[in-house]
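Keep in mind the model is a prediction, meaning the values are calculated, not measured. Hydrogens, waters and symmetry mates are skipped; everything else that's a heavy atom, side chains included, is used.
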Amino acid sequence: KSEIPIVLNDCNTALMKKDYTAFSFSIHKLKNSFMMLGMTHTKEILVKLENDSRSGRNLPELEAGFSAIRLEWERASIELKNIQPIFSLS
């Protein structure tokens, strides 16, 4: 079972609390997970979110960037559910 929904929730909570250190940490975890799933098209925005939240730059833009990442996950999770039965061993 994927931990990505949990990490997305952690990101959202951190962003709402303006805890940019926690947000950066969670975005870093997402970046690694997304890259392992082959979602390389999200790397640029994830790196920007991680760097900006860590450095305190462009903070007003974090919410829009994170919304785009959540949307990408929603799309990917639908595709993953469609291919999951192909690889099922049961």
Side-chain angles (χ1 to χ4, degrees):
K1 187 125 174 141
S2 174
E3 73 170 33
I4 292 174
I6 296 167
V7 179
L8 284 167
N9 188 55
D10 292 346
C11 287
N12 189 60
T13 299
L15 192 56
M16 294 303 108
K17 290 181 176 181
K18 299 184 186 316
D19 183 348
Y20 302 118
T21 301
F23 181 76
S24 175
F25 178 76
S26 294
I27 287 292
H28 181 80
K29 287 171 67 174
L30 276 181
K31 181 180 68 180
N32 291 337
S33 296
F34 279 27
M35 294 309 103
M36 287 192 320
L37 287 172
M39 297 174 63
T40 56
H41 62 285
T42 64
K43 184 175 183 179
E44 185 177 333
I45 191 165
L46 287 164
V47 168
K48 181 170 177 27
L49 288 171
E50 183 181 3
N51 290 340
D52 286 353
S53 59
R54 185 175 292 147
S55 68
R57 292 187 316 260
N58 303 316
L59 296 179
E61 298 173 19
L62 293 179
E63 193 168 333
F66 179 59
S67 291
I69 291 301
R70 279 193 307 212
L71 182 60
E72 286 299 319
W73 173 246
E74 288 173 20
R75 291 178 184 152
S77 64
I78 291 168
E79 290 182 38
L80 288 169
K81 285 177 187 169
N82 288 334
I83 65 167
Q84 187 177 15
I86 296 171
F87 296 104
S88 178
L89 297 176
S90 53

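- Side-chain atoms of F23 and D52, non-hydrogen and from C-beta on, never get closer than 4.5 Å to each other.
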What pairs of donor and acceptor atoms, side-chain ones from residues 4-18 against any protein atom, are under 3.5 angstrom apart with sequence neighbours left out?
{"residue": "N12", "atom": "OD1", "partner": "R70", "partner atom": "NH1", "Å": "3.1"}
{"residue": "T13", "atom": "OG1", "partner": "N9", "partner atom": "O", "Å": "3.0"}

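- By the 4.5 Å heavy-atom criterion applied to side chains, L71 and E74 are counted as neighbours.
- Side-chain contact between I27 and F66 is present, with at least one heavy-atom pair separated by less than 4.5 Å.
- A 4.5 Å side-chain heavy-atom check between L37 and W73 finds at least one atom pair inside the cut-off.
- Rounding to the nearest 0.5 angstrom, the gap separating the NZ atom in K29 from the CG atom in L46 is 14.0 Å.
- Nearest approach of L59 to S53, heavy atoms of both residues: CD2-CA, 4.3 Å.
- One finds the NZ atom of K43 at 10.5 Å from the CD atom of E50 (value rounded to the nearest 0.5 Å).
- Under the 3.5 Å distance criterion, the side-chain polar atoms of N58 are left unmatched by any main-chain donor or acceptor of E61.
- Closest approach of E72 and M39 over heavy atoms only: O-CE, 3.9 Å.
- Across I45 and I69, no two heavy atoms sit closer than the pair CG2-CD1, 3.2 Å.
- No side-chain donor-acceptor contact under 3.5 Å links S24 to the backbone of Y20.
- Residue V47 comes nearest to K31 through the heavy atom pair CG2-CD, 3.8 Å, listed as atom of the first residue, atom of the second, then distance.
- Residue N51 holds its CG atom at 11.0 Å from NE2 of H28, rounded to the nearest 0.5 Å.
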